[in-house]
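Inspection log for the structure reproduced underneath, given as structure tokens.
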Number of protein chains: 2
Amino acid sequence: MVAAEAGVSRATVSRVVNGHASVAPEAVAAVHAAVARLNYVPNRVARSLASRRTDVIALIVPESTSTVFADPFFAPVVRGVARALAETDFTLNLLVASETRPEKTRRYLLGGNVDGALVVSHHSGDHSYLGLGDALPIVFGGRPLNPELESRHYVDVDNRHAARSATEYLLGSGRRRVATIAGPQDMPAGIDRLAGWRDAIEAVGGDVSLAEHGAFTQQSGAEAAIRLLDQHPASGTGSTGAGFDALFVANDQMAAGAIQALRMRGLASPTDIAVVGFDDDAFAATLDPPLTTVRQPATELGVSMTELLVRLISGEEAPHRTIIPTELVRRGTA
Amino acid sequence: MVAAEAGVSRATVSRVVNGHASVAPEAVAAVHAAVARLNYVPNRVARSLASRRTDVIALIVPESTSTVFADPFFAPVVRGVARALAETDFTLNLLVASETRPEKTRRYLLGGNVDGALVVSHHSGDHSYLGLGDALPIVFGGRPLNPELESRHYVDVDNRHAARSATEYLLGSGRRRVATIAGPQDMPAGIDRLAGWRDAIEAVGGDVSLAEHGAFTQQSGAEAAIRLLDQHPASGTGSTGAGFDALFVANDQMAAGAIQALRMRGLASPTDIAVVGFDDDAFAATLDPPLTTVRQPATELGVSMTELLVRLISGEEAPHRTIIPTELVRRGTA
DNA sequence: CTGAAAGCGCTAACAG
DNA sequence: CTGTTAGCGCTTTCAG
């Protein structure tokens with residue numbers, strides 16, 4: 001190898017290449033020269049075998065989430081991960097976890113193939129990460145629903161608090177009856193955002209029954225809006241109005257659907273019904289009118305998760321819970 | 001290791017684990033038992049070092065594309081790749097290629113870290129894959145623009161043909177003047193779709209000047225539509241019409257923007273102007289009216305690329321050019 | 001500061 | 001059919 005070319009031992013080459021300890025300046029120079037001359041690229045695999053590090057981190061995406069790959073929320077997270085990783089020597093391993101064969105993922109993770117893992121899952125059913133908890137540093141994106149995982153490291157936004165604030169904003173802008181379209185109740189984001197809305201409503205003694213559920217899709221948002229309209233018609237007069245004058249929707253896609261549905265019923269936003277969404281996804285600003293929403297910094301989430309994981313891998317201690325701030329983006333619908 | 005537990009040699013264990021050659025049934029059983037008992041998971045790294053295979057394939061995404069990560073086209077491709085890989089022992093390495101430091105990617109690829117690579121790039125400027133051509137099997141998604149790469153393996157849809165067909169469909173449905181909003185002319189998809197439109201127009205002696213360019217974004221689509229309208233006002237009468245009655249748009253996002261722009265000018269689709277998009281992305285069907293478009297099977301593209309690569313890795317010969325069929329999806333706008 | 005030596009865990013001829 | 005023998009290319013004590 002380069003050792004010969006540089007006239008030193010392999011050990012020294014290794015030291016130089018890895019920027020280790022103190023090596024004679026001349027030796028360093030000689031090695032660098034040899035490296036350049038020979039166009040030497042260290043073999044990662046051999047290095048891994050010897051050092052017992054892989055310099056690989058896995059980004060685990062449950063298959064179901066991968067279906068939602070087009071999820072406008074997911075892409076920015078990945079971007080954040082990639083960005084954070086670009087500054088390190090780690091490499092990203094995208095692992096689409098087959099939910100039907102969870103052991104495949106487990107084995108992979110346990111096979112010494114990665115130094116750590118990032119888990120992005122909106123869902124909860126997943127128990128496949130239990131048991132390898134101590135074998136490998138793992139950072140979850142989003143609060144794990146599984147209580148056994150609660151003690152793990154995760155980074156998330158404070159969905160509940162953000163939802164509450166958004167609802168309070170609606171209440172504070174003069175709206176009387178704030179309804180909600182909640183997300184699935186098997187995902188933390190769905191649960192927490194509903195809880196936040198309820199917190200706000202209960203605090204003012206409002207009507208907690210003004211809630212319908214959707215599946216975080218546009219279609220389901222439209223349907224939920226219709227149900228809301230049907231079940232809560234305008235009070236008193238036989239006007240075309242609705243039994244609520246504001247709507248907090250658990251994500252932007254559903255909000256888009258809801259607004260469309262409302263419009264088909266002759267109700268405009270924000271005039272008739274103020275709407276606040278959640279996520280500030282790529283399409284929120286392009287809606288007509290542009291959607292007022294709670295911005296969830298997805299890219300930062302990815303960055304943050306990655307930085308946390310890297311820290312864990314290098315043996316540092318780190319907080320189990322990292323909360324990223326959200327922000328209400330006022331646009332046209334509220 | 002398990003060898004002792006099973007009472008055989010390490011070589012035999014290796015044979016059994018890898019399903020190699022013929023091994024005595026009893027030995028096989030013994031090894032399996034031992035494996036199960038010891039919860040043995042072979043170390044991939046060691047295996048790689050010894051076998052000189054990594055069982056890893058890289059999916060290379062240029063940084064610029066990663067920004068367009070939210071590109072509704074990209075996600076399904078990844079899904080296809082993941083799906084195809086699920087049936088193999090390969091692992092997916094997502095490599096966001098820093099365009100500012102292309103050698104980083106080169107080194108990685110050359111460092112014996114992967115058995116092959118998939119390159120998804122809409123753009124062309126990329127020369128970073130030259131030179132490692134023969135060192136590693138590579139499959140491109142989309143026709144490489146770079147002539148030196150033309151000889152490589154790639155899978156693509158026949159953009160030109162599809163664009164021509166779409167335009168002919170418009171022409172065949174009684175439209176007289178079919179305009180186009182083309183994509184960037186530094187991407188194969190942009191170039192070829194424009195060429196296809198022109199083929200069709202020229203074939204009927206139509207007006208080839210009815211073209212504007214966009215950047216494949218909704219915004220740019222809207223702007224291009226406006227330019228089209230301004231530069232080609234209704235002929236003859238001072239009506240509110242336009243100088244064209246149909247529009248072939250090089251992708252769905254731009255089509256969405258264009259339709260919105262047209263509407264703001266009081267022109268409805270398909271009544272006033274028939275519109276055909278391209279991609280059939282996740283949002284095409286949810287537009288109002290739902291978009292008629294050329295469906296590009298992105299997931300299949302990913303699957304196909306992957307299968308091709310796997311074949312190449314195992315040393316098989318394979319066609320350099322694989323074309324996936326497109327299909328015109330008739331919906332509401334044409 | 002730097003060589004030498006000893007592996008990391010597995011696969012791959014090669015004999016038997 | 002199976003054990004033996006060598007490494008894969010690099011890191012890492014351990015002396016010096």
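Order of the sequence lines sets the chain letters (A, B, ...), proteins ahead of strands, with each chain counted from 1. For clarity, every value in this text was computed on a predicted model and none was experimentally measured.
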With a cut-off of 3.5 Å and sequence neighbours excluded, list every side-chain donor-acceptor pair involving residues 301-312 of chain A.
from, atom 1, to, atom 2, distance (Å)
A:Thr306, OG1, A:Gly302, O, 2.7

Open item on the list: What is the distance, to the nearest angstrom, from the CG atom on A:Leu49 to the P atom on C:dC8?
Closed with: 9 Å
Task: Test side chain to side chain donor-acceptor pair (under 3.5 Å) applied to B:Thr54 and B:Asp115, B:Thr91, B:Asn93, B:Asn113, the passing residue - done: B:Asp115
TODO: Could you check how far CG of B:Leu38 sits from P of C:dG9, rounded to whole Å?
DONE: 14 Å
Open item on the list: Let's see if you can work this out: which of C:dG9, C:dT2, D:dT2 has an atom nearest to the side-chain heavy atoms of B:Val23?
Closed with: D:dT2
Task: Secondary structure string for DNA chain D (Watson-Crick or G-U under 3.5 angstrom, | for other-strand pairs) - done: ||||.|||||||||||
Open item on the list: Base contacts versus sugar-phosphate-only contacts with protein, heavy atoms under 4.0 Å: please encode nucleotides 11-16 of chain C as B, S and - from 5' to 3'.
Closed with: BBBB--
Open item on the list: Can you list everything that forms a side-chain contact (heavy atoms from CB on, under 4.5 Å) with A:Arg47? Sequence neighbours excluded, please.
Closed with: A:Val17, A:Asn18, A:Pro42, A:Ser51
- [ ] Kindly point out which of C:dT2, D:dG3, C:dG3 is positioned nearest to the side chain of A:Val8?
- [x] C:dG3
TODO: Could you list the residues that satisfy side-chain contact (heavy atoms from CB on, under 4.5 Å) with A:Arg52, not counting sequence neighbours?
DONE: none
Open item on the list: Check whether A:His153 reaches the backbone of A:Pro319 with its side chain - one donor and one acceptor, N or O, closer than 3.5 Å.
Closed with: yes
- [ ] Determine which pairs satisfy side chain to side chain donor-acceptor pair (under 3.5 Å) with at least one residue from residues 29-45 of chain A, sequence neighbours left out, and list them in order.
- [x] A:Glu5-A:Arg37
Task: Atom-pair distance (CD on B:Glu26; C1' on D:dT2), nearest Å - done: 12 Å
Open item on the list: With salt bridge (charged side-chain N to carboxylate O under 4.0 Å, His left out) as the test, pick out the partner of B:Arg143 among B:Asp158, B:Asp156, B:Asp192.
Closed with: B:Asp192
- [ ] Just do the side chain to side chain contact (heavy atoms under 4.5 Å, CB included) check on B:Val31 and B:Val8 with the steps written out, would you?
- [x] CA-CA 8 Å; B:Val31 171; B:Val8 298; 3.9 Å; yes
Open item on the list: Measure CZ/A:Arg52 against P/D:dT13 and give the value in whole Å, please.
Closed with: 12 Å
- [ ] Rounded off to whole Å, could you give me the CG-to-P distance for the A:Asp115 and C:dC8 pair?
- [x] 19 Å
